[in-house]
*Asks:* 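Have a look at the structure that comes next, please.
Atoms within each ligand, like the ligands themselves, are counted from 1 in listed order.
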Amino acid sequence: MPKIDVSFILLSVLCLIVGIAMGIVMGAAHDFTFTPVHAHLNLLGWTSLALFGLVYKSYPALKNSWLANTHLILSGSTAVIFPVGIYVSIAHQNPALAIAASFVALAGILVFFANLVRVFFFAEKATPTAEEALA
Ligand code: HEM
């Protein structure tokens with residue numbers, strides 16, 4: 001998937017927009033019940049997804065595998081579903097979705113790790129050419 005870095009970064013900023021809006025509402029209302037939702041949307045969503053995007057941009061060889069797309073699906077979906085699960089857990093005392101999403105989140109990181117190992121130790125060319133870096 002050639003534009004996987006762009007997909008990660010766009011999704012990360014969407015999470016940041018919602019995360020910041022939520023922070024403003026929480027602050028204005030002086031109601032911090034859902035602070036963990038805000039925190040995880042910002043940290044799993046904005047910071048983690050943006051970092052993934054920058055790593056794919058720095059090492060374009062990571063894009064040359066189905067592992068990249070799988071990583072986007074697993075980490076991108078759980079950046080949203082896990083905070084929703086935390087909301088359900090707090091509001092309805094039902095942690096099932098958060099628990100399930102946390103395992104999917106872990107699976108995403110394991111796929112990312114496998115792709116990094118593939119590129120750093122087994123691929124022919126891990127360092128991007130000037131053209132690839134600018135793509
Ligand atoms: C304008 C942007 C933001 C606003 C208005 C905002 C607002 C808030 C508020 C009101 C709280 C609750 C504080 C409390 O419980 O006393 C909070 C907690 C938190 N925020 Fe934000 N936030 C913003 C951006 C961010 C970003 C960008 C991140 C991470 C990248 C972040 C991560 C966290 C974390 C981890 C907590 C939990 C802190 C704790 O419980 O000790 N926030 N935020």
Side-chain angles (χ1 to χ4, degrees):
M1 187 177 190
K3 289 295 172 198
I4 194 154
D5 45 0
V6 175
S7 303
F8 267 118
I9 290 169
L10 283 178
L11 188 56
S12 80
V13 176
L14 287 177
C15 290
L16 181 62
I17 291 168
V18 178
I20 284 182
M22 205 186 156
I24 292 170
V25 171
M26 289 185 334
H30 293 274
D31 182 351
F32 307 118
T33 312
F34 296 108
T35 294
V37 179
H38 158 83
H40 286 85
L41 191 59
N42 280 333
L43 295 171
L44 268 186
W46 159 235
T47 53
S48 299
L49 297 184
L51 253 181
F52 294 146
L54 294 177
V55 173
Y56 280 97
K57 183 73 181 165
S58 303
Y59 299 96
L62 286 168
K63 300 174 186 176
N64 305 332
S65 165
W66 59 270
L67 291 168
N69 214 8
T70 306
H71 177 211
L72 176 65
I73 291 167
L74 295 176
S75 290
S77 62
T78 47
V80 175
I81 295 170
F82 186 60
V84 170
I86 296 174
Y87 169 83
V88 173
S89 181
I90 294 170
H92 304 288
Q93 289 74 50
N94 182 352
L97 182 61
I99 292 169
S102 65
F103 282 103
V104 180
L106 177 61
I109 305 308
L110 292 175
V111 168
F112 183 47
F113 181 66
N115 202 7
L116 289 171
V117 169
R118 177 188 71 81
V119 165
F120 291 157
F121 297 106
F122 299 103
E124 277 185 12
K125 187 167 59 95
T127 311
T129 61
E131 267 177 13
E132 282 172 336
L134 291 172

*Asks:* Please evaluate residues Ile17 and Val13 with respect to the criterion side chain to side chain contact (heavy atoms under 4.5 Å, CB included), reporting the C-alpha separation (whole Å), side-chain torsions for both, the decisive distance (0.1 Å), and the verdict.
*Replies:* CA-CA 6 Å; Ile17 291 168; Val13 176; 4.2 Å; yes
*Asks:* Between the main-chain N or O of Leu72 and the side-chain N or O of Ser75, is there a donor-acceptor pair closer than 3.5 Å?
*Replies:* no
*Asks:* Using only N, O or S atoms, tell me which atom of His38 is closest to atom 21 (Fe) of ligand 1.
*Replies:* NE2
*Asks:* Measure from the side-chain N and O atoms of His40 to the backbone N and O of Pro36, and report whether any donor-acceptor pair falls under 3.5 Å.
*Replies:* yes
*Asks:* Using a strict cut-off of 4.0 Å, indicate which atoms of ligand 1 neighbour a heavy atom of Thr47.
*Replies:* 30 (C)
*Asks:* Among all protein non-hydrogen atoms, which one is nearest to atom 26 (C) of ligand 1, and what is the separation to 0.1 Å?
*Replies:* Asn42 ND2, 3.2 Å
*Asks:* Please report whether atom 6 (C) of ligand 1 has a protein non-hydrogen atom at a separation of less than 4.0 Å.
*Replies:* yes
*Asks:* Give me the residue, atom name and distance of the protein heavy atom closest to atom 15 (O) of ligand 1.
*Replies:* Thr35 OG1, 3.6 Å
*Asks:* Within a distance of under 4.0 Å, is there any protein heavy atom near atom 39 (C) of ligand 1?
*Replies:* no
*Asks:* Show me which atoms of ligand 1 lie under 4.0 Å from any heavy atom of Leu43.
*Replies:* 29 (C), 30 (C), 35 (C)
*Asks:* Between Asn42 and Leu16, does the side chain to side chain contact (heavy atoms under 4.5 Å, CB included) criterion hold? Intermediate values first, please.
*Replies:* CA-CA 6 Å; Asn42 280 333; Leu16 181 62; 3.9 Å; yes
*Asks:* Tell me which protein heavy atom sits closest to atom 10 (C) of ligand 1, plus the residue, atom name and distance to 0.1 Å.
*Replies:* Phe32 CE2, 3.6 Å
*Asks:* Tell me the protein heavy atom at minimum distance from atom 9 (C) of ligand 1, and give that distance in Å.
*Replies:* Met26 CE, 3.5 Å
*Asks:* On a heavy-atom basis, I'd like to know which of Gly27, Ala50, Ala39, Gly19 is closest to atom 34 (C) of ligand 1.
*Replies:* Ala39
*Asks:* Counting distance only, does the side-chain N/O of Ser89 pair as donor-acceptor with the main-chain N or O of Gly85 below 3.5 Å?
*Replies:* no
*Asks:* Please work out which of the three classes, parallel, tilted or perpendicular, describes the rings of His71 and Phe8, given edges at 30° and 60°.
*Replies:* tilted
*Asks:* Using the side chain to side chain contact (heavy atoms under 4.5 Å, CB included) rule, take Leu44 and Thr78 through it: C-alpha gap first, then chi angles, then the decisive distance, then the call.
*Replies:* CA-CA 8 Å; Leu44 268 186; Thr78 47; 5.5 Å; no
*Asks:* Give the residue, atom name and distance (to 0.1 Å) of the protein heavy atom nearest atom 27 (C) of ligand 1.
*Replies:* Leu16 CD1, 3.8 Å
